[in-house]
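Because only heavy atoms are used, hydrogens play no part in the values below, and waters and symmetry mates are left out as well, while side chains stay in.
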Amino acid sequence: MKSGMILSVAVAAAMLLPVGSIVTIASAQDRDRDQLKTDQQLQDRDKLQTKDQLKEKDQLKEQERTRERTREQTRTERPERPQHEKAERAERSGAGSGAVH
């Protein structure tokens with residue numbers, strides 16, 4: 001009984017409202033929904049850009065760490081004189097020791 005009465009009131013109210021106002025309400029709701037979608041898409045794009053920027057920053061930091069590790073390894077592995085200098089000195093002293101052809 002109550003649901004029938006509610007339905008009657010709803011139908012009567014709808015009949016009293018001009019058709020233009022219903023269309024205006026619907027188009028305003030559509031516009032609001034579209035604006036929310038657009039805003040959400042912009043936020044999503046901003047988040048993706050931020051994620052990409054953070055990822056790029058992390059990659060650059062990791063590259064710098066790798067370079068630093070390589071430098072440190074090179075410093076610790078390399079003696080005071082590079083190996084090729086020692087080899088050249090050995091060749092010079094060996095070649096000048098009197099090997100006659």
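Partners of Gln63 by side chain to side chain donor-acceptor pair (under 3.5 Å), not counting sequence neighbours: none found. In this structure, Arg45 has no side chain to side chain donor-acceptor pair (under 3.5 Å) partners at least two apart in sequence or on a different chain.
A salt bridge links Arg67 with Glu64; the closest basic N to acidic carboxylate O contact falls under 4.0 Å. Comment: Glu62 engages Arg65 in a salt bridge, judged by a side-chain N to carboxylate O separation of less than 4.0 angstrom.
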- Query: Can you check side chain to side chain donor-acceptor pair (under 3.5 Å) on Gln40 and Asp44, steps first, answer last?
  - Reply: CA-CA 6 Å; Gln40 186 63 42; Asp44 290 348; 3.1 Å; yes
- Show your working on salt bridge (Lys or Arg N to Asp or Glu O under 4.0 Å) between Asp58 and Lys55 and close with a plain yes or no. CA-CA 5 Å; Asp58 287 346; Lys55 208 182 278 186; over 6 Å; no
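Atom CZ of residue Arg71 and atom OG1 of residue Thr66 lie 10.5 Å apart, to the nearest 0.5 angstrom. Atom CD of Gln53 and atom NZ of Lys57 lie 8.0 Å apart (nearest 0.5 Å).
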